[in-house]
K.L.:
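Dropping the structure in here first, questions after.
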Amino acid sequence: MSAPPRVRFAPSPTGALHIGGARAALYNWLVARKAGGSMVLRIEDTDRERSTPENVEQILDALQWLGIDWDEGPISQVERSGRHRQVLDDLLARGLAYRTAATAEDVKVYKREHGDAVGYRGEPSADGEGAVRLRVPEHELVVHDLVRGDTTFRPEHLDEPVVARADGTALYNFAVAVDDHDAAITHVIRGEDHLSNTPKQLLVYAALGAEPPAFAHLPLLHGHDGKKLSKRHGAASVQELRAAGYLPAAIRNYIALLGWGDTDAETLIATDDLIERFELSRVSRNPARFDEPKLRWMNGRYLRELSLDELTAELERFTGRDGLRPGVEISAEKIQTLADFWPLAGFLYDGPVDDPKARKKWLAAAEHREALTDARAALADVEPFTVEAIDAALRDVVAARGTKAKDVFQPVRVAVAGTAASPGLFESLAVLGREEALSRIDVALRAPA
RNA sequence: GCCGCUAUCGUCCAGGGGACUAGGACGCCGCCCUCUCACGGCGGAAACCCGGGUUCGAAUCCCGGUAGCGGUACCA
């Protein structure tokens, strides 16, 4: 029996949380929740140029909205600079690191002389000033990865990495390793873009005299064009998905499947089952593409699992309107996202929408205007004004006119909804009520053909 | 360039030496349902990157090529 895992999610606040970060957070969370471990949230804000408090807020907010919680933190990496400096001094004192005046340009020159495959080896500066580089040992560095197996890095290929700026502030590869070690992290689960950095971090662990944690590098997520999905490219931030009307549960299910799958063919997996079934060893090694149509479909399934009360509450929160229940009842099975609702059913509340093409097609011909007139007359007499009675009355009109059903129904639909697609016609009319329905038809009839 | 990772339908995920006539889901196409749009049901098209090797047998193992991706910062 091994100790409960301690995982961490460590975003850098240089932008919004995008879907790739969300997935990394989710996988960490699943590992922690499955085994009764804990999840640490750390903000990697050592990039002082690009990190902002607003981004930190956004990320925390996105995580909470997604339903991914954490047990410790958020801890700020910059606030640990004292500890970083202390470790740095120790490494310097022990000769495992050295200060150097060498610049990136000097490294290039070195490569030109020794070949691209040869790792940079520098000399300490005479005055003891400059950036801090780590010494690289002679032995191979192997990353034991839970998803991709062992990856071996030969030391001669590795540049001596810069771990701190000349002013003594820590750089990423150094700070992560120190912080993960101090936090007793057992599993580092992050994107594959960090795989090449891992040997540098291994160096830090070795210098610390510590056992490195287990690593799990997740395949990257790409946009639909096959290119890397990032803050600047392809978007898909959690906030955007939220604004697009997706449910957290659906997003969790969808992104869990982006890079992971078990032998069971199930596609719809509730979060509790995800926790139970998730296995790092079954994470895919191939990059995946974010496919929004599939998320849409999945979201529709989750939407339809909600009770009408729950759906109404979601929709009222989403649209900022209330009294939506009647409209929700008749549109629930027609929407895939919360954002789909208003374009479909908003006419019930705000009047017919303006769709010239629909008017031209269904309200211009004399035949349609006559049908609408007949329907108006029938509707005026329907008693009670219920779905069933409206249904019967309008079908009587169809029968009397001897036309196809749609030649009566569509003009009525366009008259009351303004457009050719809507929830069920009879249901819509019943929701509107006789008075409102007749008045909309009258307006349509008065409008010039 | 160098270092590294990856390679099954358009996309995601299964399968992983003979059970493969390669499975499921999204999407797509057709049909059914139907007042529109959806939902739902049924059916269909659609993939093992290429070349060698190992083996009685390879999509599955090995090597090479190719392609894609990542890293190559005093960013994270």
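We name chains A, B, ... by the order of the sequence lines, and we start the count at 1 in each one.
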K.L.:
If a stem is a run of at least 3 consecutive Watson-Crick or G-U pairs, both distances under 3.5 Å, which stems include RNA chain B?
P.N.:
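Only these stems qualify: B:1-7 with B:66-72, B:10-13 with B:23-26, B:28-32 with B:40-44, B:49-53 with B:61-65.
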
K.L.:
Could you run through nucleotides 31-38 of chain B and give me one letter per nucleotide, 5' to 3': B if any protein heavy atom sits under 4.0 Å from the base, S if only the sugar-phosphate is that close, - if neither?
P.N.:
----BBBB

K.L.:
Is any side-chain N or O of A:T263 closer than 4.0 Å to OP1 or OP2 of B:A14?
P.N.:
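For A:T263, the contact criterion (side-chain N or O under 4.0 Å from OP1 or OP2 of B:A14) is not met.
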
K.L.:
Calculate the interatomic distance between A:H222 atom NE2 and B:A67 atom C1'; express it in whole Å.
P.N.:
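Value for this atom pair: 13 Å.
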
K.L.:
Planes under 30° and centres closer than 5.5 Å, is that true for A:H194 with the base of B:A76?
P.N.:
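Here A:H194 meets both the 5.5 Å and the 30° conditions.
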
K.L.:
If you measure from the Lys or Arg side-chain nitrogens to the Asp or Glu carboxylate oxygens, is any gap between A:E266 and A:R277 under 4.0 Å?
P.N.:
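The answer is no: the pair does not qualify as a salt bridge.
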
K.L.:
Please pick, from B:G1, B:G40, B:U72, the nucleotide with the shortest atom-to-atom distance to any side-chain atom of A:D116.
P.N.:
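Comparing B:G1, B:G40, B:U72 against the side chain of A:D116, the answer is B:G1.
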
K.L.:
For B:G15 and A:R282 - does any side-chain N or O of the residue sit under 4.0 Å from the phosphate oxygens OP1/OP2?
P.N.:
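Looking at the OP1 and OP2 atoms of B:G15, one of them is under 4.0 Å from a side-chain N or O of A:R282.
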
K.L.:
Between B:C12 atom P and A:W260 atom CH2, what is the distance in whole Å?
P.N.:
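Checked: the CH2 to P distance equals 17 Å.
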
K.L.:
For A:T100, what residues pass the side-chain hydrogen bond (donor to acceptor under 3.5 Å, both in side chains) criterion, not counting sequence neighbours?
P.N.:
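None.
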
K.L.:
Charged N to carboxylate O under 4.0 angstrom, A:K294 versus A:E292?
P.N.:
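The answer is no: the pair does not qualify as a salt bridge.
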
K.L.:
Looking at the base of B:G4, is there any donor atom on it, or on the side chain of A:T151, that sits under 3.5 Å from an acceptor on the other one?
P.N.:
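Result: no qualifying N/O pair found.
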
K.L.:
Any donor-acceptor pair, under 3.5 Å, between the side chain of A:R148 and the base of B:C5, if you only look at N and O atoms?
P.N.:
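No pair found.
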
K.L.:
Rounded to whole angstrom, note down the P distance from B:C49 over to B:A58.
P.N.:
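After rounding to an integer number of Å, I get 16 Å for this pair.
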
K.L.:
With a 4.0 Å limit, can you tell me whether A:R301 has a side-chain N or O closer than that to the phosphate oxygens OP1/OP2 of B:G40?
P.N.:
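Affirmative; the distance criterion is met.
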
K.L.:
Is the backbone of A:F9 close enough, under 3.5 Å, to the side chain of A:N28 for a donor and an acceptor to pair up by distance?
P.N.:
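No.
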
K.L.:
Measure from the side-chain heavy atoms of A:D193 and tell me the nearest of B:C26, B:C2, B:G71.
P.N.:
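Given the options B:C26, B:C2, B:G71, the side chain of A:D193 is closest to B:G71.
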
K.L.:
Under the side-chain hydrogen bond (donor to acceptor under 3.5 Å, both in side chains) test, which residues partner A:R50, sequence neighbours left out?
P.N.:
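Testing A:R50 for side-chain hydrogen bond (donor to acceptor under 3.5 Å, both in side chains), a comparison that skips the adjacent residues, returns A:D47.
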
K.L.:
Please state the P separation for the pair B:C39 and B:G30 - nearest whole angstrom.
P.N.:
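The answer is 15 Å between these two P atoms.
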
K.L.:
Where along residues 158-173 of chain A does a heavy atom come under 4.0 Å from RNA chain B, residue by residue in number order?
P.N.:
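Within residues 158-173 of chain A, the residues near RNA chain B are A:V162, A:R165, A:A166, A:L171, A:Y172.
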
K.L.:
Would you say the base of B:A76 and the side-chain of A:N197 have a donor-acceptor pair closer than 3.5 Å?
P.N.:
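Indeed there is one.
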
K.L.:
Pairs of donor and acceptor atoms involving the side chains of residues 404-412 of chain A, under 3.5 Å and at least two apart or interchain, shall be tabulated with distances.
P.N.:
unit_1, atom_1, unit_2, atom_2, d
A:Q410, OE1, A:R413, NE, 2.6
A:Q410, NE2, A:A420, O, 3.4

